[in-house]
Structure formats: structure tokens, C-alpha cells
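Below is one structure, written out as C-alpha cells; comments come after it.
Note that this is a predicted model, so its numbers are computed, not measured. The chain is numbered in sequence order, starting from 1.
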Amino acid sequence: MRVLLLLLSLQAASPAPAESLETLLRRELAQTALAQVRRMDPTWNPDQRDCGGLVRFAFRGAYRRFQPERLARPLWRDDRGQPADFADAETLLTHSFVPLGRDEAARESLRTGDLVAFRQERDAGPVFHLMLVVRPEDKAHAPTRVVYHPGDKGAAVRTGLLQSLVTDAPLEWRPVPQNTAFLGFFRFKEWM
């Protein structure tokens, strides 16, 4: 009995386990992305302010804070699958992220840093659009958000509730299986 009490007291006195690097990266990524809604960071190159640029900027910011040595090599892959510092939205999806699915189960499994992706057909050709997912660690007290840049030069970064996107957005922007423009939910390959 004394051994059991001793073990319990030692367990209670030991510090809580440290947060994982991935948890810290996801939290920093969320803070970086949401900060752009209030005021875009002047270090974010104005020529790269679009949806893919927001993804690249937020991921680099998170790694710069918690794992700067990872930035010694590029985070992204180019259209040939080679390491690259730059990748547009389509290339990010096809070479640096993996699909999670398009259904409700995939939506429920989303974590901060995952992407919601669309492909809109335009006269000039297809346009890919990415939205970053920000899912609170305490899901019971705050809804899942998306953060995105609409792509227009000089436009502000926006945020909204993922559930509102599902139910209230025009069909071509709803992340639901019935929308053929919705490519699905994606996760950074290194976080699989």
C-alpha cells in the first residue's frame, strides 16, 4: 500500500508532459493566420498576398518560431516534386499536402493547419483557392474557423466559421460533396 501511495504521489508531483512540437506549430500557425485578419504583417511580401501566400506565410512563421532549423531546407515541393521555397495553390495541394476526403467525417477530423480547397473554372482557366482551418483545441467552446485571402490585389485576409461556409455560402464555395468545385480537405504531408 505504501508503494502505491508513493507512486501516486510521485506521479501527481511530476510536471505535465510537454506539448508536442506539432501542437506548438499548429497553435502558432493559427495565431499567425488570424493576426493577418487584423493587420497584414509588413514582412509578408505584397506580391505574394493570395491564398497560397497566406498558407506559405503562416507555416513559415510557425516553423520560424518553434523549429527554425527546419527552414534550412524548403517546406514546399514544386510541380516536379523537388524542394522549393515557392509553390502556388495548385502545387501546394498536389505536392505538399495530402487529401483527407470530402465528406463530413473528413470535415470532423480537421485540425488547425489543414486546408479547405476549391477549383473554380474560369474563362482564363482553372483557379485554385485554399482556406486555412483554425480549429480550437477546446472544441466545445469555440467553433472551427477558416482563414483565407480572396486573391485580389490589395484585398484583406478574411475569416469565417467553417459551418457557415457549409450551410450558407453559395454552392460553388460550400465544402460539401455535392459541390464539384470542392476538391476536399488536405493536411501537410509532414504532419501525417
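The side chain to side chain donor-acceptor pair (under 3.5 Å) test applied to Q163 returns no partner, not counting sequence neighbours. Here H129 pairs with Y148, W173 under the ring-ring contact (aromatic ring centres under 6.0 Å, His included) rule; sequence neighbours left out. Looking at residues two or more places apart in sequence or on another chain, you find no ring-ring contact (aromatic ring centres under 6.0 Å, His included) involving F66. Under the ring-ring contact (aromatic ring centres under 6.0 Å, His included) criterion, F188 pairs with F59, W76, F97, W191, not counting sequence neighbours. Every residue two or more places apart in sequence or in another chain that forms a side-chain contact (heavy atoms from CB on, under 4.5 Å) with A89 is listed here: C51, F128, L130. In this view, P68 satisfies the side-chain contact (heavy atoms from CB on, under 4.5 Å) rule with no residue, not counting sequence neighbours.
Using a 4.5 Å heavy-atom threshold, the side chains of F118 and N179 count as touching. The side-chain heavy atoms of R158 and P150, taken from C-beta on, include a pair separated by under 4.5 Å. Using a 4.5 Å heavy-atom cutoff, the side chains of F182 and R174 are not in contact. When side chains are defined from C-beta on, T144 does not count as touching R111, because their heavy atoms never get closer than 4.5 Å. Here the side chains of Q48 and F57 are not in contact, with every heavy-atom distance at 4.5 Å or above. Residues Q36 and H149 are not in side-chain contact: their nearest non-hydrogen atoms beyond the backbone lie 4.5 Å or more apart. Side-chain contact between L162 and P175 is present, with at least one heavy-atom pair separated by less than 4.5 Å. Residues F86 and T91 have side chains not in contact (no heavy-atom distance under 4.5 Å, counting atoms from C-beta outward).
Here L24 contributes atom CG and L29 contributes atom CG; the two are 12.5 Å apart, rounded to the nearest 0.5 Å. To the nearest 0.5 Å, atom OG1 of residue T23 and atom CZ of residue R26 are 7.5 Å apart. Taken from CG in L100 to CD in E108, the straight-line distance is 13.0 Å, to the nearest 0.5 Å. A distance of 8.5 Å separates OG1 of T32 from CZ of R65, quoted to the nearest 0.5 Å. To the nearest 0.5 Å, atom CG of residue L183 and atom OG1 of residue T94 are 10.5 Å apart. For the atom pair CZ (R119) and CD (E90), the distance works out to 7.0 Å, reported to the nearest 0.5 Å.
Under the 4.5 Å side-chain contact rule for hydrophobic residues, V37 and V55 share a cluster. Transitive grouping of hydrophobic side chains (ILVMFWY, heavy atoms separated by less than 4.5 Å) brings V134 and L115 into a common cluster. At a threshold of 4.5 Å between side-chain heavy atoms, the hydrophobic network of Ile, Leu, Val, Met, Phe, Trp and Tyr places V147 and L110 in two separate groups. The cluster map of Ile, Leu, Val, Met, Phe, Trp and Tyr, joined by side-chain heavy atoms under 4.5 Å apart, puts V116 and L93 in different clusters. L34 and M40 fall within the same hydrophobic cluster, where Ile, Leu, Val, Met, Phe, Trp and Tyr residues are linked whenever their side-chain heavy atoms come under 4.5 Å apart, directly or through other members.
For the residue pair L161 and P143, the shortest heavy atom distance occurs at CD2-CG, 3.4 Å. The heavy-atom pair separating A30 from T112 by the smallest distance is CB-CG2, 3.7 Å. Counting all heavy atoms, side chain and backbone alike, K153 lies closest to D47 at NZ-OD1, 3.9 Å. Smallest separation of non-hydrogen atoms from E172 and Q120: O-NE2, 2.8 Å. In this structure, L75 and R60 approach most closely via the heavy-atom pair CD1-CG, 3.9 Å. The nearest pair of heavy atoms linking P74 to A84 is CB-O, 3.1 Å.
With salt bridges taken as basic N to acidic carboxylate O contacts below 4.0 Å, one links R27 and E137.
The environment of E121 atom CD is dense: over 12 non-hydrogen atoms of other residues, nucleotides or ligands sit within 6.0 angstrom.
For the pair R70 (side chain) and R73 (backbone), a donor-acceptor distance under 3.5 Å is present. Between the R187 side chain and the M192 main chain, no donor and acceptor come within less than 3.5 Å of each other. Checked by atom type and distance alone, the side chain of K189 never pairs as donor or acceptor with a backbone atom of V98 at under 3.5 Å.
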